[in-house]
Participant: 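Once you've had a glance at the structure underneath, I'll fire off some questions.
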Amino acid sequence: MQISSQIGHSHLEQMSLIHEFVCHFDVDLLLYAINGKHLDEDAIVSLTADINEYNAKLLREKQYLFKRCRTFNKEFAHEDNYLVDSSAKISRNIRSGCAGARKVIKHFCKVSRKQLPPGKPAPQAYERSMICTKNYVADLWGLSSYPPCVLELFTTMLKFYENLNECIEEALRTIKEEKATKGNNAKCLEILKQDLDRSRKAQAHLIEAMQDDPETRKAIEQNKILLGDEENPVLRDYKKSATNKEQFAGRYFHNCSPKDIGKITIYNVVAEASGDPMMAVAITTFGNDAEFIQRINYVIEHFDELLPPKCKNGKIPALYLYFFYDWCGGVGYQSFLNYFNKYYKEHHGRWDTIGRSALCGACAKDSTEKESAEKKNEFFAKIDALLSKKFAKQQMSPLRKPFSTK
């Protein structure tokens, strides 16, 4: 009779059944299966070598699995989410380990010459294997009455099953965590915002190209997908969810691709910038908070008022610019400098701008000098005073805190 090596009818059921088998495996069950199959020493030695190989492959997979599980539920979108569920994604990371367990289970199936009726599916090895049975009689004399190769087989199987059990428990924990996250729309929205922020930073060069290249800007702004002429279901629902982003996040958590997140990112930038290329770059650099960007722009316009009357070598002091960089939220040296230098020059700044190496040097100086914290607080106070002149009557954005970080 042909026996299928498949275990369960889904990836999740397979992991659950293997986990159950591993947990109740013991030496008496192994001795019962060896006697039932009438294995000789050569067969036992060969099986031990096979299991050592399965374990070596599993150990390579184990490291990647634990690394993947640490970030799996911190990412809003994954590749191929339309094609497979999460249990399939996770179990694929330990497919060699699961395949090894299936082979061991099938190895201990009794041979049957009975033919199946036409059209009836082959029984699964898990249902027919002697090593998976729960009804067995323990060997009267125990392991001590068997040759050393049996002890070696048992020790090898324990090592393999211990590693496999740890992997499956981590996989099941991750799947359970995902289910709980999907039931919490607020948490899904928080993860979506983090993914959009990463996507925004990853596409910074594309958005900056809008500033300098009219053809690129025109191509992005007239893109049919962004304008809605061609329907992308995720982007379409995102546009409709302006007043209820939590519901959108709960629906599409682990149910969309990174490409969809990229389209949403560009749509947000284009929609918020309203044709202003500098605003598009600002959103890419500092985030999608128009009020915060307005304050940043105002500080840059009046940055000379925050500096000493005379600056060494006619350049903006690197330490003061680093303080402002820190006040903006530490968005990345080069992105910050690209935006600051261009905006500062366009608004007729008095002093020459500086480069990345000077800003990095100021960062090192800020972390080593004891007086730096006091200077930073004084500089932040000047920014507060400057902004209070223009924005005192305006309500602050609840998303960002642009005033002093003291």
Side-chain angles (χ1 to χ4, degrees), residues 8-16 19 62 64-94 165-203 231-269 271-272 283 286-292 329-331 395-401:
H9 298 89
S10 67
H11 293 278
L12 181 59
E13 186 180 2
Q14 173 182 258
M15 287 191 292
S16 299
H19 180 257
K62 182 179 179 181
Y64 178 78
L65 172 74
F66 275 75
K67 181 180 178 181
R68 184 77 181 97
C69 287
R70 280 197 297 270
T71 61
F72 188 78
N73 290 316
K74 295 178 182 179
E75 299 169 353
F76 190 85
H78 296 138
E79 293 289 352
D80 301 330
N81 271 322
Y82 299 118
L83 305 178
V84 293
D85 62 11
S86 296
S87 60
K89 283 178 172 297
I90 296 295
S91 67
R92 283 190 304 181
N93 294 323
I94 51 172
N165 190 50
E166 289 178 6
C167 290
I168 291 177
E169 286 185 348
E170 179 67 10
L172 294 175
R173 182 201 65 77
T174 302
I175 293 169
K176 182 179 179 181
E177 182 184 58
E178 182 202 42
K179 185 177 180 180
T181 302
K182 284 185 174 180
N184 187 339
N185 289 349
K187 189 172 183 179
C188 290
L189 180 59
E190 181 183 345
I191 298 171
L192 172 61
K193 289 179 178 178
Q194 293 171 357
D195 251 27
L196 288 173
D197 190 54
R198 285 192 290 266
S199 176
R200 174 178 57 80
K201 292 176 180 178
Q203 300 187 64
E231 291 296 335
N232 173 278
V234 180
L235 182 58
R236 180 189 61 218
D237 287 354
Y238 181 82
K239 293 176 182 178
K240 292 180 179 179
S241 66
T243 58
N244 195 349
K245 287 288 188 289
E246 283 191 2
Q247 185 176 353
F248 169 85
R251 177 180 178 184
Y252 284 102
F253 176 70
H254 285 185
N255 194 30
C256 65
S257 71
K259 291 181 181 179
D260 296 320
I261 297 297
K263 291 171 185 175
I264 292 174
T265 302
I266 296 176
Y267 167 77
N268 282 340
V269 172
E272 192 69 33
I283 293 171
F286 302 109
N288 191 20
D289 186 340
E291 289 185 13
F292 185 58
V331 295
Q395 185 178 1
M396 294 299 299
S397 167
L399 301 178
R400 305 290 284 266
K401 184 185 178 183

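Numbering of residues begins at 1 and proceeds along the displayed sequence.
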Participant: Is there a side-chain contact between Leu12 and Leu172, using heavy atoms and a 4.5 Å cut-off?
Facilitator: yes

Participant: Look up atom NZ in Lys89 and atom CD in Glu178, then write down how far apart they are to the nearest 0.5 Å.
Facilitator: 10.0 Å

Participant: Mind telling me whether His78 and His254 have parallel, tilted or perpendicular rings, with 30° and 60° as the class edges?
Facilitator: tilted

Participant: Take Tyr238 and Tyr252 through the test side-chain contact (heavy atoms from CB on, under 4.5 Å) and record every step on the way to the result.
Facilitator: CA-CA 10 Å; Tyr238 181 82; Tyr252 284 102; over 6 Å; no

Participant: Please answer whether the main-chain N or O of Ser241 pairs with a side-chain N or O of Lys245 as donor and acceptor at a distance below 3.5 Å.
Facilitator: yes

Participant: Mind listing the closest non-hydrogen atom pair of Asn73 and Ile191 along with its distance?
Facilitator: O-CD1, 3.3 Å

Participant: Is there a side-chain contact (heavy atoms from CB on, under 4.5 Å) between Ile261 and Val234? Walk through the geometry before answering.
Facilitator: CA-CA 9 Å; Ile261 297 297; Val234 180; over 6 Å; no

Participant: Nearest 0.5 Å please: distance from the CG atom of Leu192 over to the CG atom of Leu196.
Facilitator: 4.5 Å

Participant: To check you understand the geometry: which heavy-atom pair defines the closest contact between Cys256 and Phe76, and what is its length?
Facilitator: SG-CE2, 3.6 Å

Participant: Charged N to carboxylate O below 4.0 Å: is that the case for Glu170 and Arg173?
Facilitator: yes

Participant: Kindly compute the distance separating CZ (Phe253) from NZ (Lys187), expressed to the nearest 0.5 Å.
Facilitator: 8.0 Å

Participant: Once you round to the nearest 0.5 Å, how far does CD1 of Ile168 lie from CD1 of Ile94?
Facilitator: 5.0 Å

Participant: Can you name the nearest heavy-atom pair linking Gly262 to Ser199, along with the distance?
Facilitator: CA-OG, 3.7 Å

Participant: Testing the basics here: between Arg68 and Asn93, what is the closest heavy-atom pair and its distance to 0.1 Å?
Facilitator: CG-ND2, 3.8 Å

Participant: Are the side chains of Asn255 and Lys182 in touch, meaning some heavy atoms are under 4.5 Å apart?
Facilitator: no

Participant: For the CD atom on Glu169, are there more than 12 heavy atoms of other groups (residues, nucleotides or ligands in this structure) within a distance under 6.0 Å?
Facilitator: yes

Participant: Testing the basics here: between Asp237 and Arg251, what is the closest heavy-atom pair and its distance to 0.1 Å?
Facilitator: OD2-NH1, 2.9 Å

Participant: Would you please name every residue forming a side chain to side chain contact (heavy atoms under 4.5 Å, CB included) with Arg70, sequence neighbours left out?
Facilitator: Phe66, Lys67

Participant: Side chains of Ser16 and His19: does their closest heavy-atom pair fall under 4.5 Å?
Facilitator: no

Participant: Is it the case that the side chains of His11 and Ser87 hold a donor-acceptor pair, with the cut-off being a distance below 3.5 Å and no angle test?
Facilitator: no

Participant: I'd like to know if the side chain of Thr71 and the backbone of Lys74 have a donor-acceptor N/O pair within less than 3.5 Å.
Facilitator: no

Participant: At their closest point, which heavy atom of Ala171 faces which heavy atom of Ile90, and how far apart are they?
Facilitator: CB-CG2, 3.1 Å

Participant: List for me each residue that meets side chain to side chain contact (heavy atoms under 4.5 Å, CB included) alongside Glu246, sequence neighbours excluded, and say none if there are none.
Facilitator: Asn185, Ala186, Leu189, Asn244

Participant: Say you draw a straight line from SG of Cys188 to NZ of Lys193; how long is it, rounded to the nearest 0.5 Å?
Facilitator: 12.5 Å

